[in-house]
Amino acid sequence: MATGKSWLRTLIELIEVFLDSTNRSKKGRTWHQHVVPYDDGWAVRREGNKRVTSKHRKQSTAIRKAKTLAKRYKSDVIIHRASGGIRERISYGE
């Protein structure tokens, strides 16, 4: 009977570890939108993505698109300079 309890305890611990890891991975991904220089214009890229969401000729247009997405997902807009540094951060979170 003692082996039955240890087996059950092991199963419960495995389930807890699994549930813990799935919650952690959901929290790690954000919807922050970056406005970055791209080729001869500007692009909007979600944080953590390699591909761009949209391409624009003017930075102001890219900022408008990023703000729309950030408001929808209650996240931030991070605006970069042409040199790559961060110029401004706008938060639409709760």
Side-chain angles (χ1 to χ4, degrees):
M1 193 65 145
T3 57
K5 287 183 182 179
S6 64
W7 180 83
L8 184 60
R9 170 56 44 210
T10 304
L11 180 62
I12 291 170
E13 287 174 1
L14 282 172
I15 292 171
E16 288 173 349
V17 167
F18 174 75
L19 292 175
D20 220 20
S21 68
T22 56
N23 285 340
R24 211 175 308 126
S25 66
K26 288 178 185 174
K27 292 177 187 174
R29 188 75 192 251
T30 66
W31 281 92
H32 299 321
Q33 304 296 320
H34 290 256
V35 177
V36 295
Y38 186 82
D39 290 340
D40 291 332
W42 294 87
V44 176
R45 178 179 288 148
R46 180 178 169 191
E47 190 168 291
N49 280 3
K50 292 180 182 178
R51 293 175 41 195
V52 297
T53 304
S54 60
K55 303 175 204 170
H56 307 274
R57 286 185 294 154
K58 296 164 66 177
Q59 187 184 35
S60 59
T61 311
I63 291 170
R64 196 170 332 128
K65 175 68 174 178
K67 284 181 176 181
T68 302
L69 292 168
K71 286 176 186 175
R72 182 181 305 155
Y73 296 108
K74 295 182 173 85
S75 60
D76 296 352
V77 175
I78 296 96
I79 304 168
H80 293 260
R81 291 185 170 88
S83 63
I86 294 176
R87 184 183 99 186
E88 186 179 359
R89 184 180 191 121
I90 304 166
S91 180
Y92 292 100
E94 294 181 68

Indicate, with yes or no, if Ile63 and Ile78 share a hydrophobic cluster defined by side-chain heavy-atom contacts under 4.5 Å among Ile, Leu, Val, Met, Phe, Trp and Tyr. no
Residue pair Ala66 / Val77: nearest heavy atoms and the distance that separates them: O-CG2, 3.6 Å
Can you tell me which residue pairs pass the ring pair (Phe, Tyr, Trp, His ring centres under 6.0 Å) test with a partner in residues 46-73, sequence neighbours excluded? Trp31-Tyr73
Partners meeting side-chain hydrogen bond (donor to acceptor under 3.5 Å, both in side chains) with Arg51 (sequence neighbours left out): none
Result block: side-chain N/O donor-acceptor pairs under 3.5 angstrom for residues 34-41, not counting sequence neighbours:
| residue | atom | partner | partner atom | Å |
| --- | --- | --- | --- | --- |
| His34 | ND1 | His80 | NE2 | 2.9 |
| His34 | NE2 | Glu47 | OE1 | 3.0 |

Atom pair NE2 (His32) and OG (Ser91), whose distance is rounded to the nearest 0.5 Å: 7.5 Å
Looking at residues at least two apart in the chain, or sitting in another chain, which of them share a side-chain hydrogen bond (donor to acceptor under 3.5 Å, both in side chains) with Arg87? Gln59
Taking side-chain hydrogen bond (donor to acceptor under 3.5 Å, both in side chains) as the test, write out the residues that go with Thr61, two or more places apart. none
Between Ala70 and Gln33, what is the shortest heavy-atom contact and its length? N-CG, 4.2 Å
Interatomic distance, Tyr92 atom OH to Thr68 atom OG1 [nearest 0.5 angstrom]: 8.5 Å
